[in-house]
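For reference, the structure is listed below as structure tokens.
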Amino acid sequence: MSLKIYNTITRRKEKFVPINPPKVGMYVCGVTVYDLCHIGYARSAIVFDIIYRYMKFRGYDITYVRNFTDVDDKIINRAGESGLQWNEVAERYIEEFNADMAALGVLTPDVEPKATDHIAEMLEMIEALVDKGMAYELDGSVYFSVKSFAGYGKLSGKNIDDLLSGARVDVDESKHDPLDFALWKASKPGEPAWESPWGMGRPGWHIECSAMGRKYLGDTFDIHGGGKDLVFPHHENEIAQSEGSSGKAPVNVWIHNGFVNINSEKMSKSLNNFSTIKDILKTYHPEAVRFFLLTSHYRSPIDFNTQAITSAGKNLYRFYDLFSEEKKLVPEAPPGPETDTSPTEKFTELMNDDFNTATALAFLMEELRRINHLRNEMSRMKKKSDRYKNARTQFALGVRTMKKLGGVLGLFQRDPSDFIDSFKVAKLNEVGVTLDWIQKLIDTRAAARAEKNFAESDRIRDELEGKGILLRDTPEGTTWSISLD
RNA sequence: GGCGCCGUAGCCAAGUGGUAAGGCAGAGGUCUGCAAAACCUUUAUUCAGCGGUUCGAAUCCGCUCGGCGCCUCCA
């Protein structure tokens, strides 16, 4: 049973063979810190978070590097608009980014390099390219000569001639070739600037990832990831720079995640139809967002819509509803193995198929049903019987395994009561009622029920239901939950 | 213009040659005073359409229709 990953550059699923097992090096393009992150980036972050978690789960010693682009035209423009310094803009949005990632439960990568901390490494690579005749200087800027690199286009499947005939290539008369891209940009007065052999300037966008990837992971490393939109030109250019300077292919496996669409349309800055992570989290629980994003395969587009995410939230709630039973049914952890091998193997098999979280999640839902079935049966058994004790052991093992496997997807790690309470609190605020008010109605209803005054008790239940508060009469008394619709 | 992706039940979605996972919504049942939750049963002779290859196709090939992406900063 081996891990297979779809490799963009070969357009095939391939068996994953690390260069230097058990070590794995993974570089993922982070964000340019000039604005709040949108939900599309949340998907990318969560996809690679899961790849990171899964590699660890499989026993790999993975080093995960995710950069911050903290110098760039957009940051400079934002600084101009806001009156802040460019580095203040970058710092602010790094903080916002970190808060978003923490909210979404995304693990912190092992290394989070900033472009501005690696100017020397970039200059070194640029100089090597100039020395090899693959780059040239023009008015204090340095450009990569696309025609000098024979493999240009191999990642995105484009050829140079087709690109030239495209209508949207920027036409800069001074470049030797319209496709040539900037490695180093001469700085205008007031812009961030570093010394270089070609005068004061700042790095081009693509060079930072080449330089930092090499610094932290070596000339050739295992995995490079990012959103689909980065395939061209960003990653194509990275290959040109890295391979051009070292003579070695920089990356073995290229992984690209699909977009998040809104109403079936790509969300983008230019269409101004994007939702920030912060916006989304005002309405939806972060773990529900994660669950939702995992219900389709990472390479497929996913449509962000209310119904889909509501459904994800309901399913997630069902898991926590079961977990909240654990304490009651199994007050002390019974002896036995930490996890059940059969579900673990099944889960691994599903995830080994190019990180198919959709099928892995479907499997966990089948497990959920299996354990709930067991719970139902237990409610009919005599508590002192061996059968009950045996079932309880199975229940505990099942729940533990589910939590462990869910953890590989970044799910199920919260305290069940906290999770459920957070939904309740949100609901109370939404409909403007208090806990006391609900409890009072529940007590009144209990009295009515005791007198078999079902008309009154049903009236109270309907009143609460009208507020989205659903009652459950159990042998231990009446509890309540909320409507997730 | 070049390159590429997608079209599976009311909805979301997995499935890339061996006879359609899972979820939401719906229907019936168990439980319940009645409900809720949970569980059980049920819901696509069929995978946009038409041809072809094959013993066998949602899966491969061709054409048609429809939707989308990249080629410009974007995850």
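Just so it is clear: chains get the letters A, B, ... in the order the sequence lines come, proteins before strands, and each one is counted from 1. We use all heavy atoms of the structure for the numbers below, so side chains are in, but hydrogens, waters and symmetry mates are not.
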Requested in this report: May I have the distance from A:Lys154 (atom NZ) to B:C71 (atom P), rounded to whole angstrom?
Outcome: 21 Å

Report task. Could you let me know what B:U30 is paired to, Watson-Crick or G-U wobble, both distances under 3.5 Å, or none if it's on its own? Result -> B:A38

Report task. Ignoring hydrogens and angles, tell me if any N or O in the side chain of A:Asp49 forms a donor-acceptor pair with the backbone of A:Leu107 under 3.5 Å. Result -> yes

Report task. Check every strand shown and say whether A:Val260 touches a base, only sugar-phosphate, or nothing at a heavy-atom separation below 4.0 Å. Result -> base

Query - Sugar-phosphate only, base, or nothing, as touched by A:Phe259 at under 4.0 Å among non-hydrogen atoms - result: base

Query raised in the report: At under 4.0 Å between heavy atoms, what does A:Lys314 touch on the DNA or RNA strands: base, sugar-phosphate, or nothing?
Result: sugar-phosphate

Requested in this report: Round to the nearest Å and state the distance from A:Asn305 atom CG to B:G23 atom C1'.
Outcome: 13 Å

Query raised in the report: Just by distance, do the side chain of A:Arg392 and the backbone of A:Lys383 share a donor-acceptor pair under 3.5 Å?
Result: no

Requested in this report: Check every strand shown and say whether A:Arg449 touches a base, only sugar-phosphate, or nothing at a heavy-atom separation below 4.0 Å.
Outcome: base

Report summary line: A:Leu322 CG to B:A37 P, in whole Å, measures 16 Å

Requested in this report: Answer with yes or no whether A:His38 presents, from its side chain, a donor or acceptor under 3.5 Å of a partner atom in the base of B:A75.
Outcome: yes

Query raised in the report: Can you check the A:Leu293 CG to B:A13 C1' distance for me, whole Å?
Result: 14 Å

Requested in this report: Could you check whether the rings of A:His234 and A:His206 sit parallel, tilted or perpendicular, using 30° and 60° as the cut-offs?
Outcome: tilted

Report task. In whole angstrom, give the distance that lies between atom CD of A:Gln307 and atom P of B:G10. Result -> 14 Å

Query - Distance-only donor-acceptor test, A:Asp473 side-chain atoms vs B:C34 base atoms, 3.5 Å - result: yes

Query raised in the report: Does any donor-acceptor pair link the side chain of A:Asp458 with the base of B:G33 at a separation under 3.5 Å?
Result: yes

Report task. Check for a donor-acceptor pair, side chain of A:Glu14 on one end and backbone N or O of A:Lys4 on the other, with a separation under 3.5 Å. Result -> no

Query raised in the report: Considering only heavy atoms and no angle criterion, is a donor-acceptor pair shorter than 3.5 Å present between the side chain of A:Arg461 and the base of B:C34?
Result: yes

Report task. Kindly confirm or rule out a cation-pi arrangement of A:Arg66 over A:Phe48, judged by NZ or CZ under 6.0 Å from the six-membered ring centre and within 45° of its axis? Result -> no

Query raised in the report: Does B:U45 have a Watson-Crick or wobble partner in any strand here, with both distances under 3.5 angstrom, and which is it?
Result: none

